[in-house]
Amino acid sequence: MSDRLTKSQQRVLDHLKQATSPVAAQELYLALRSEGNGVGLATVYRSLDLLKREGLVQARLLPNGESVYSMMQHDRHHLTCVQCGKILPIDACPVHHLEEKLSVSHQFKIHYHVLEFFGLCLDCQVAGT
Ligand SMILES: [Zn+2]
Ligand SMILES: [Zn+2]
(Lines give C-alpha, C1' and ligand atoms only; values in the text may rest on other atoms or scores of the structure.)
(Ligands and ions follow the chains in the order given, each with its own letter.)
Protein backbone atom coordinates (compact mmCIF):
# COMPACT_ATOMS: atom_id res chain seq x y z
CA MET A 1 0.00 0.00 0.00
CA SER A 2 2.87 2.34 0.85
CA ASP A 3 4.41 2.11 -2.64
CA ARG A 4 1.76 4.45 -3.97
CA LEU A 5 2.76 7.22 -1.59
CA THR A 6 4.97 10.11 -2.65
CA LYS A 7 8.11 10.93 -0.68
CA SER A 8 6.48 13.71 1.30
CA GLN A 9 3.45 11.58 2.09
CA GLN A 10 5.76 8.83 3.30
CA ARG A 11 7.66 11.30 5.49
CA VAL A 12 4.48 12.65 7.00
CA LEU A 13 3.34 9.11 7.66
CA ASP A 14 6.68 8.10 9.22
CA HIS A 15 6.43 11.06 11.52
CA LEU A 16 2.95 10.21 12.65
CA LYS A 17 4.03 6.63 13.31
CA GLN A 18 6.66 7.87 15.75
CA ALA A 19 4.45 10.47 17.37
CA THR A 20 3.18 9.52 20.80
CA SER A 21 0.26 11.94 20.63
CA PRO A 22 -1.75 13.54 17.80
CA VAL A 23 0.18 16.21 15.89
CA ALA A 24 -0.97 19.44 14.24
CA ALA A 25 -0.03 20.11 10.60
CA GLN A 26 2.07 23.08 11.65
CA GLU A 27 4.10 20.92 14.07
CA LEU A 28 4.63 18.32 11.35
CA TYR A 29 5.80 20.99 8.99
CA LEU A 30 8.32 22.34 11.53
CA ALA A 31 9.53 18.84 12.44
CA LEU A 32 10.12 17.91 8.80
CA ARG A 33 11.88 21.18 8.16
CA SER A 34 14.18 20.70 11.15
CA GLU A 35 15.18 17.34 9.68
CA GLY A 36 16.28 19.13 6.57
CA ASN A 37 13.40 17.85 4.49
CA GLY A 38 12.14 20.99 2.84
CA VAL A 39 8.47 20.14 2.57
CA GLY A 40 6.17 23.14 2.29
CA LEU A 41 3.23 23.63 4.61
CA ALA A 42 0.80 23.29 1.69
CA THR A 43 2.40 19.94 0.83
CA VAL A 44 2.03 18.80 4.42
CA TYR A 45 -1.68 19.64 4.29
CA ARG A 46 -2.08 17.93 0.92
CA SER A 47 -0.27 14.84 2.15
CA LEU A 48 -2.39 14.69 5.28
CA ASP A 49 -5.52 15.07 3.22
CA LEU A 50 -4.57 12.21 0.94
CA LEU A 51 -3.47 9.95 3.80
CA LYS A 52 -6.80 10.69 5.44
CA ARG A 53 -8.72 9.69 2.33
CA GLU A 54 -6.64 6.50 2.07
CA GLY A 55 -7.73 5.65 5.60
CA LEU A 56 -4.14 5.68 6.91
CA VAL A 57 -4.41 8.77 9.03
CA GLN A 58 -7.20 10.26 11.06
CA ALA A 59 -7.87 13.84 12.00
CA ARG A 60 -9.42 15.09 15.18
CA LEU A 61 -10.81 18.55 15.69
CA LEU A 62 -9.81 19.98 19.06
CA PRO A 63 -12.16 22.28 21.01
CA ASN A 64 -9.92 25.21 19.99
CA GLY A 65 -10.66 24.53 16.32
CA GLU A 66 -7.25 23.09 15.50
CA SER A 67 -7.00 19.76 13.70
CA VAL A 68 -4.52 17.19 14.93
CA TYR A 69 -3.50 14.09 13.05
CA SER A 70 -2.53 10.60 14.09
CA MET A 71 -2.17 7.15 12.61
CA MET A 72 -5.46 5.41 12.04
CA GLN A 73 -6.44 3.80 15.28
CA HIS A 74 -9.49 1.69 15.46
CA ASP A 75 -11.73 1.89 18.43
CA ARG A 76 -9.93 4.64 20.20
CA HIS A 77 -12.28 6.99 21.90
CA HIS A 78 -11.67 9.89 24.18
CA LEU A 79 -12.89 11.98 27.02
CA THR A 80 -11.65 15.51 26.40
CA CYS A 81 -11.51 18.09 29.16
CA VAL A 82 -12.63 21.45 27.77
CA GLN A 83 -10.87 23.25 30.59
CA CYS A 84 -7.28 21.96 30.54
CA GLY A 85 -7.34 20.02 27.27
CA LYS A 86 -6.47 16.71 28.90
CA ILE A 87 -7.45 13.72 26.78
CA LEU A 88 -8.37 10.44 28.44
CA PRO A 89 -8.58 7.43 26.12
CA ILE A 90 -11.46 4.98 26.43
CA ASP A 91 -10.53 1.46 25.51
CA ALA A 92 -13.85 -0.11 24.72
CA CYS A 93 -15.87 0.72 21.63
CA PRO A 94 -19.58 1.01 22.39
CA VAL A 95 -20.61 1.41 18.75
CA HIS A 96 -18.66 -1.41 17.11
CA HIS A 97 -21.82 -3.24 16.07
CA LEU A 98 -23.41 -0.08 14.76
CA GLU A 99 -20.43 0.38 12.46
CA GLU A 100 -20.86 -3.10 11.02
CA LYS A 101 -24.56 -2.57 10.57
CA LEU A 102 -24.12 0.78 8.82
CA SER A 103 -21.47 -0.54 6.47
CA VAL A 104 -23.91 -3.22 5.33
CA SER A 105 -27.10 -1.16 5.26
CA HIS A 106 -25.51 1.79 3.46
CA GLN A 107 -22.92 -0.21 1.50
CA PHE A 108 -20.38 2.18 2.88
CA LYS A 109 -16.76 1.19 3.42
CA ILE A 110 -16.12 2.70 6.83
CA HIS A 111 -12.49 3.65 7.55
CA TYR A 112 -13.10 4.75 11.08
CA HIS A 113 -15.49 6.56 13.32
CA VAL A 114 -15.06 9.19 15.96
CA LEU A 115 -16.75 9.15 19.29
CA GLU A 116 -15.79 11.79 21.74
CA PHE A 117 -17.05 13.11 24.99
CA PHE A 118 -16.37 16.62 26.20
CA GLY A 119 -16.52 17.89 29.74
CA LEU A 120 -14.41 18.49 32.82
CA CYS A 121 -11.74 16.15 34.19
CA LEU A 122 -11.58 15.46 37.91
CA ASP A 123 -8.81 18.02 38.49
CA CYS A 124 -10.81 20.75 36.81
CA GLN A 125 -14.00 19.79 38.64
CA VAL A 126 -12.13 20.11 41.93
CA ALA A 127 -10.54 23.40 40.87
CA GLY A 128 -13.95 24.78 39.97
CA THR A 129 -15.55 24.15 43.34
ZN1 LIG B 1 -15.53 2.77 18.25
ZN1 LIG C 1 -9.18 19.31 32.99
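Whatever order the structure lists ligands and atoms in, that order sets their numbers, starting from 1.
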Q: Answer with yes or no after comparing the ring centroid distance for H113 and H77 against a 6.0 Å cut-off, counting only values under it.
A: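 Here the rings of H77 and H113 have centres that are less than 6.0 Å from each other.
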**Q.** Lys/Arg-Asp/Glu bridge criterion (N-O < 4.0 Å) met for E35, R11
**A.**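 Judged by the 4.0 Å cut-off on N to carboxylate O distance, E35 and R11 do not form a salt bridge.
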(Q) Does Q18 form a side-chain hydrogen bond (donor to acceptor under 3.5 Å, both in side chains) with D14? I'd like the steps, not just the answer. (A) CA-CA 7 Å; Q18 291 159 19; D14 286 345; over 6 Å; no
Q | Which atom of P22 lies closest to which atom of V68, heavy atoms considered | A |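 Between these two residues, the closest heavy atoms are CB-CG2, 3.5 Å.
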Q | Those residues that, when tested against R46, pass salt bridge (charged side-chain N to carboxylate O under 4.0 Å, His left out) (two or more places apart) | A |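 Here no residue qualifies.
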Q.
If I take every N, O or S atom of C93, is at least one of them less than 2.8 Å from the Zn ion (ligand 1)?
A.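 Checking the Zn ion (ligand 1) against C93, an N, O or S atom does fall under 2.8 Å.
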Q: Quick one: name the protein N/O/S atoms under 2.8 Å from the Zn ion (ligand 2), chain by chain.
A: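 Protein N, O or S atoms closer than 2.8 Å to the Zn ion (ligand 2): C81 SG, C84 SG, C121 SG, C124 SG.
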(Q) As an exercise, state the distance from OH of Y69 to OG of S47, rounded to the nearest 0.5 Å. (A)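 Rounded to the nearest 0.5 Å, the OH-OG separation comes out at 11.0 Å.
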